[in-house]
Amino acid sequence: MVTGKDGQLGFELLRSLAGQGQVIAVGREQMDLSKPDSIRRTVREIGPDLIVNAAAYTAVDQAESEQELALAVNGIAPGILAEEAKRLGAALIHYSTDYVFDGAKAAPYTEDDEPLPINVYGRTKLAGERAIQSVDAAHLILRTGWIYGTRGKNFLLTILRLARERDELSIVDDQVGAPTWSRALAEATGGILTRLGYGQPGFGDACAGQRGIYNLSAAGQTSWHGFAAAILAHAASAEPGLRAGALDGQRAGARDGLRADALDDLCARALDRLPVLKPIPSEQYPLPAHRPRYSVLANAKLQRAFGLAMSDWKTSLAECMSGG
């Protein structure tokens, strides 16, 4: 069972996990994560052997004024999913965030570093991690961050839209992370399941034996300004002849459920002119929620446990923007 089927990660998971077995996808209309009874009822009706929770309250700034809702979805619901998984003898894969850290460290965060979130979103996601751990079901908590893709609301699509609307973009240059393509994240999840032997008799024991928190994000690091510069460089270098082909391919993708506005952003990415990119400090772009200045995650534990090495963020971005 995959939750959050309409989100950027949930959509990619449906594609990546299709070969693993029957995938039952649920969205908010089938299961409201803010309502415990809805969660329990839906899970018991489906009776899955694996729950992949890709749903979350992700409006970082809005969470500052909707703390109860953010906590219900991010902090309480994961614990209920863990309880139901344990009741069924199922496993749970849950996604968390780099925003559980305060950003004061100068080197990539490991799973052993002490979380210290500095905004409501990060605190509620940390509460969800701890709720799952307290249940002690077979689980994997995958921390990631700076997720982007071809649908939903994310930095890639925002920059492509703004680049066609403005002559100058002021982008924060003192927050550093690792942009992670939703498809790469979904494919890595499939790789983990394959390594654990999903579909085989020993999967539950294998998952229980590897239970815990794992960082799962792209390799490398950049600032939001650096990310924006890379996006625009790819958009500007798109060959005119590729545009028609991209349109055909992306329209075909629309039949698989890609949103039309996301397609427009990707298919019109060959820009006649580039806006000026102006680097600014966070103080010049105040937002309701504070962000960590440094939230790069170290993936060494994931590599040791599952033999997975994530691609550099620049490689993934190039593949995403080429229609890969």
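Reckoned from all heavy atoms, side chains included, excluding hydrogens, waters and symmetry mates.
- When atom types are taken as modelled, the side chain of Asp174 and the backbone of Ser282 share a donor-acceptor pair closer than 3.5 angstrom.
- Considering only heavy atoms from C-beta on, Tyr148 comes within 4.5 Å of Phe227 through its side chain.
- None of Asp113, Asp98, Asp112 except one satisfies the salt bridge (Lys or Arg N to Asp or Glu O under 4.0 Å) rule with Lys105; the exception is Asp113.
- Residue Arg44 places its CZ atom among more than 12 non-hydrogen atoms of other residues, nucleotides or ligands, all under 6.0 Å distant.
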Begin with the C-alpha distance, continue with both residues' side-chain angles, and end with the deciding distance and a verdict on side-chain contact (heavy atoms from CB on, under 4.5 Å) for Arg123 and Leu126.
CA-CA 5 Å; Arg123 288 194 290 271; Leu126 180 60; 5.7 Å; no

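- A distance below 6.0 Å separates the ring centres of Trp224 and Phe155.
- In this structure, the separation between OG on Ser182 and CD on Gln8 is 5.0 Å, given to the nearest 0.5 Å.
- Here the side chains of Pro292 and Phe101 are not in contact, with every heavy-atom distance at 4.5 Å or above.
- For the pairing with Met1, the side chain to side chain contact (heavy atoms under 4.5 Å, CB included) check across Val43, Val52, Asp49 returns one residue only, Val43.
- Distance alone, capped at 3.5 Å, places no donor-acceptor pair between the Tyr99 side chain and the Ile118 backbone.
- Between Glu283 and Arg293 there is a salt bridge, with a side-chain nitrogen of the basic residue lying less than 4.0 Å from a carboxylate oxygen of the acidic one.
- Salt bridge absent: Arg28 and Asp6 never bring a charged side-chain N and a carboxylate O closer than 4.0 Å.
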Worked verdict on Arg291 versus Asp61 for salt bridge (charged side-chain N to carboxylate O under 4.0 Å, His left out)
CA-CA 10 Å; Arg291 266 73 167 174; Asp61 292 309; 2.6 Å; yes

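- For the residue pair Ala91 and Phe203, the shortest heavy atom distance occurs at CB-CE2, 3.9 Å.
- Thr110 contributes no side-chain N or O that, together with a main-chain N or O of Ala298, makes up a donor-acceptor pair within less than 3.5 Å.
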Report the C-alpha separation of Thr189 and Tyr95 in whole Å, then their side-chain angles, then the decisive distance to 0.1 Å, and conclude whether the side-chain contact (heavy atoms from CB on, under 4.5 Å) test is met.
CA-CA 10 Å; Thr189 303; Tyr95 298 92; 2.7 Å; yes

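- Within 6.0 Å of CD on Glu29 lie more than 12 heavy atoms contributed by other residues, nucleotides or ligands.
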Which is it for Asp32 and Ser38 under the side chain to side chain donor-acceptor pair (under 3.5 Å) test, yes or no, and what are the steps along the way?
CA-CA 6 Å; Asp32 187 341; Ser38 176; over 6 Å; no

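- For Ser237 (side chain) and His234 (main-chain N/O), a donor-acceptor pair under 3.5 Å exists by modelled atom type.
- Here Ile231 contributes atom CD1 and Leu157 contributes atom CG; the two are 8.5 Å apart, rounded to the nearest 0.5 Å.
- The nearest pair of heavy atoms linking Leu156 to Cys320 is CD2-SG, 3.9 Å.
- Nearest heavy atoms, Asn119 versus Val60: ND2-CG1, 4.1 Å.
- Shown here for Leu92 and Ala85, the closest heavy-atom pair between the two residues is CB-CB, 4.4 Å.
- A distance-only check finds a donor-acceptor pair linking the side chain of Asn74 to the backbone of Tyr57 [under 3.5 Å].
- The line from OG of Ser34 to CD1 of Ile39 is 8.0 Å long, rounded to the nearest 0.5 Å.
- A salt bridge between Arg143 and Glu129 is present, with a side-chain N of the basic residue lying under 4.0 Å from a carboxylate O of the acidic one.
- Looking at every heavy atom in both residues, Ala178 comes nearest to Ser217 through CB-OG, 4.4 Å.
- No donor-acceptor pair under 3.5 Å is formed between the side chain of Lys301 and the backbone N or O of Glu111.
- Of the inter-residue distances, the one linking Tyr198 atom OH with Leu50 atom CG reads 5.0 Å to the nearest 0.5 angstrom.
- Side-chain contact check for Thr144 versus Leu9: every heavy-atom pair is 4.5 Å or farther apart.
- If you run side chain to side chain contact (heavy atoms under 4.5 Å, CB included) between Leu142 and each of Ile213, Thr97, Asn215, Ile192, only Ile192 comes through.
- The closest donor-acceptor contact from the side chain of Arg15 to the backbone of Phe11 lies at 3.5 Å or more, if one exists at all.
- Between the side chain of Ser134 and the main chain of Ala131, a donor-acceptor pair closer than 3.5 Å is present.
- Taking CZ from Arg40 and CD1 from Ile80, the interatomic distance works out to 4.5 Å, rounded to the nearest 0.5 Å.
- Without hydrogens or angle criteria, His225 side chain to Ser223 main chain gives no donor-acceptor distance under 3.5 Å.
- Using modelled atom types, one finds a donor on one side chain and an acceptor on the other under 3.5 Å when comparing Gln20 with Thr194.
- For Gln30 (side chain) and Gly27 (main-chain N/O), a donor-acceptor pair under 3.5 Å exists by modelled atom type.
- Closest approach of Ile280 to Gln284, counting heavy atoms only: CG2-OE1, 3.6 Å.
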